[in-house]
Number of protein chains: 2
Amino acid sequence: MAERELPQADFAELTVLEAEFEDAELEIIRKAEALHAPIYRKRAEVIARIPHFWSLVFEQTPPEIDNFIQPSDSAVFADCLETFDVSRFELEDPNGSPRSFSLKFGFSDNEYFEDRVLEKKFWFRKAKDWTGIVSEPVLIHWKKGKDLTGGLTDAAYNLFEARKKLGTDTSDGKARKRETQLPEHKILAHKIEKSLESSISFFGLFAFVSGYRWVSAEESQKVTREAKEKLEKVQQGVKMEGSEDEDDDSPEEHHQEVEVFAGGDEVVTIIVEDMWPNAIKYYKSTWDEEEDDEDLSELEVSESEMMMDHEDDESDTDTKVDIRALVGKGRKSDQSPPAKKQRQE
Amino acid sequence: MAERELPQADFAELTVLEAEFEDAELEIIRKAEALHAPIYRKRAEVIARIPHFWSLVFEQTPPEIDNFIQPSDSAVFADCLETFDVSRFELEDPNGSPRSFSLKFGFSDNEYFEDRVLEKKFWFRKAKDWTGIVSEPVLIHWKKGKDLTGGLTDAAYNLFEARKKLGTDTSDGKARKRETQLPEHKILAHKIEKSLESSISFFGLFAFVSGYRWVSAEESQKVTREAKEKLEKVQQGVKMEGSEDEDDDSPEEHHQEVEVFAGGDEVVTIIVEDMWPNAIKYYKSTWDEEEDDEDLSELEVSESEMMMDHEDDESDTDTKVDIRALVGKGRKSDQSPPAKKQRQE
C-alpha cells in the first residue's frame with residue numbers, strides 16, 4: 001500500500017469507536033428512561049383528571065404526526081381515547097434493545113371497535129443490510145360498518161398470521177417470493193393499491209410492519225452476533241475477507257408492496273421522541289396559542305427547541321401569561337377538540 | 001368558574017411537571033457527556049493520525065450544514081483545519097447551563113489568518129420572551145486581502161465592543177434604540193445589507209450573536225431566578241397576578257438588523273448534535289458512498305438514524321464491506337477533499 005493511504009489499523013480503530021458510541025447511546029437511553037420514569041408516573045396521575053388530554057395533544061402535534069390523523073380519526077380520539085402510554089419494554093433485555101418501544105392506547109366503551117386497549121409494539125432489529133424498527137400487525141375488532149381502514153388492519157393481520165403458520169424465513173428472498181403467492185398477500189396488496197386513492201386512517205398504523213421488510217428476532221440476533229464477532233476480529237487486527245458476507249436477498253424484490261402504513265416508523269419515532277415527552281406543552285397550546293412563547297421559555301425547553309425563536313415580536317406587549325386567566329379559558333369536556341391550525345394533505 | 005373548566009390546581013401541577021422535565025433533560029445531558037467523554041478522547045487520538053479528517057467530515061455533512069460552507073471555505077479547511085472540538089463548558093456551573101457549548105477550531109500556519117485557534121462559545125440564555133443560544137463575535141485576524149467575510153467579522157466585533165464600553169442593557173428596548181445610532185451599528189448594518197447579494201462565508205459564523213438579540217448572563221440569571229420564584233409560588237398554590245411581568249421591550253424593533261449569520265444557532269446545533277457525535281460515519285462516507293449501508297447498520301446507529309431505510313435495494317449483491325478493500329482506496333493526504341455529493345444553494 002502507498003504510504004499516504006489510511007492505515008488499516010486506524011480504520012479498525014474508528015470502527016471499534018463507532019461500536020463504543022452505540023453502546024454509550026444505549027446506556028444514555030436507559031439513564032434517560034430512569035430519570036423520566038417518576039415524572040411520567042406523576043404526569044399520568046395529573047392527566048387522569050384532565051378530560052380529553054391525549055386527544056387534544058394529538059390535535060396539536062406537529063404536521064409530521066398531525067398530517068396522518070384524519071378528521072374521522074380525531075372524532076374517535078375525542079370520543080373515547082382515555083389513556084396513552086409509551087414504554088421501552090426491552091430496556092434491560094440482553095437479546096432486545098433499549099430502542100424498542102410500545103404505544104398503548106386506552107379507550108372507553110365506544111361505537112367503533114370492541115377493544116378497550118390497543119397496544120402496538122415496535123422492535124428495534126437488524127438485518128444484514130438494514131437497521132430499524134419492525135412491528136406485528138395488531139388486530140382491531142371493528143364494529144360492523146365502522147372500520148376506518150377499509151379492512152386494511154384485518155388483511156395485514158391475516159397475512160402476518162399466514163406467514164407465521166408457514167414459518168416463512170423473511171431473510172430468505174426465495175421464501176418471500178413464495179409468500180407473494182399466498183391469497184392473503186394478494187388480498188392485502190390489492191387493498192393497499194385501492195387505498196392509495198384516499199388518505200389512510202391513523203388506525204392503519206396498527207397494521208404497520210416495517211419500512212423495509214419484517215425482520216424476526218432470530219434473524220436480528222444472528223446478525224447482531226455476527227457483527228459482534230466481526231468487530232472482535234477487527235479489534236484483534238484480523239484482516240477481514242470480503243467473501244464472508246453471503247447475502248441471499250433478492251434485490252429485485254419490492255419489499256413495500258404489502259406495507260399498509262408507509263412512513264409509520266418515522267411517525268411513531270416523532271410520537272415517541274417529541275409528542276410523548278412534550279405532551280404538556282402541546283396540551284397547553286390548545287388553551288391559548290398566542291401565550292405560548294413566554295410561558296414555555298420560562299419553564300420548559302426541550303433539547304430540540306433550544307433554538308426556538310420568538311415568533312411574533314409584534315405582540316410582545318399583550319402576551320403576558322396569567323395562569324388564572326388561562327384556566328379561565330376552560331374548554332367543556334364534552335366538546336370536540338378545536339379546529340386545527342394546519343393540516344397539510 | 002364553570003365546573004367543566006380545567007381546575008387551576010391541575011394547571012399548576014402541569015407547570016411544575018414541565019419544570020421537572022427540564023431538570024431531567026439537563027441531567028441527561030450531563031450523564032450523556034460523562035458517557036461520551038472517554039470515547040471522544042480516544043477518537044481525538046485516532047483522528048490526530050488521520051490527515052484531513054475534519055475537513056472531510058465538514059464536506060460530508062448534511063445539507064443543513066453543508067449549504068453554509070462555500071467552496072472557498074472548503075479550500076481553507078482542506079488547507080489548514082487540523083483539529084475540531086466541541087465542549088459543554090458550563091456542565092457543572094450553577095449559573096450556567098449544560099446546554100451551552102463551545103466550538104474550537106485548530107489551524108496550521110496558513111495564508112488566510114494569523115489565528116491558530118478560533119473558539120466560538122455559545123451560551124444558553126433566557127430572556128422573558130425567548131430562550132436560546134447567544135454568542136459573542138470572535139475577532140479573526142485576517143491576513144491582508146484574505147478576509148472571506150468582507151469585513152463582517154471585524155464589524156460585528158467592533159459593534160459588540162462598543163456596546164460593552166457603553167454598558168448597554170440589551171434587555172432595555174430604549175437602550176437598544178440608542179445603540180442603533182452608534183457608527184459601529186451603522187457600519188455593520190450596511191455591510192450586512194451589502195453581503196445579502198452573495199453567499200456568506202462559513203467564517204461569518206464567528207460573528208454570530210443571536211437568533212433573537214444579545215442576552216447577557218445577568219439578564220438570563222435574573223429571568224431564571226424570577227421564573228423559579230414564580231414556579232415556587234405555583235407549587236405553593238399562590239394565584240398569580242398578570243401584572244407582574246412588566247416588559248420594556250420595544251416590540252417594533254427589528255432585532256436581526258445586525259445579525260451577520262442568520263440561522264447560525266440552527267447550524268451550530270446540528271453541528272453539535274449530529275456532526276460531532278457522528279463524525280466517524282461522515283468521514284467513512286468519503287471513502288465509499290455505496291458501501292455505507294451495511295457497515296453502518298452493523299456497527300453504529302445513532303438515535304436519529306434508527307429509522308434509516310435501506311436506500312438502494314438494487315445494489316445489494318455487490319455492496320459487501322471489506323475493510324481491507326476500503327482502506328485500499330486511500331486518499332492522498334495532500335489532496336483536496338472530494339467533490340461534494342450535493343450542494344443546494
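By convention in this document, chain letters (A, B, ...) are assigned in the order of the sequence lines, proteins followed by strands, and residues within each chain are numbered from 1.
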Fill in: Side-chain donor-acceptor pair present, A/Glu25, B/His36, cut-off under 3.5 Å
yes
Worksheet item: So, do B/Tyr40 and A/Phe21 have ring centers that fall under 6.0 Å from each other?
Response: yes
Practice prompt. Over all heavy atoms of both residues, which pair between A/Arg43 and B/Leu17 is shortest? Give the atoms and the distance, please.
Written response: CA-CD1, 3.5 Å
Worksheet entry | Proximity breakdown for A/Pro277 and chain B, heavy-atom pairs closer than 4.5 Å | backbone
Discussion item. Any heavy-atom pair between the side chains of A/Leu35 and B/Lys31 that's under 4.5 Å?
Written reply: yes
Worksheet item: Under a 4.5 Å cut-off applied to non-hydrogen side-chain atoms, are A/Lys284 and B/Glu18 in contact?
Response: yes
Worksheet item: At what distance, to the nearest 0.5 angstrom, does CD of A/Glu13 lie from CZ of B/Arg49?
Response: 4.5 Å
Worksheet entry | Close side-chain approach of A/Leu14 to B/Ile50, heavy-atom, < 4.5 Å | yes
Worksheet entry | Smallest separation among heavy atoms of A/Ile39 and B/Glu20, with atom names | CD1-O, 3.4 Å
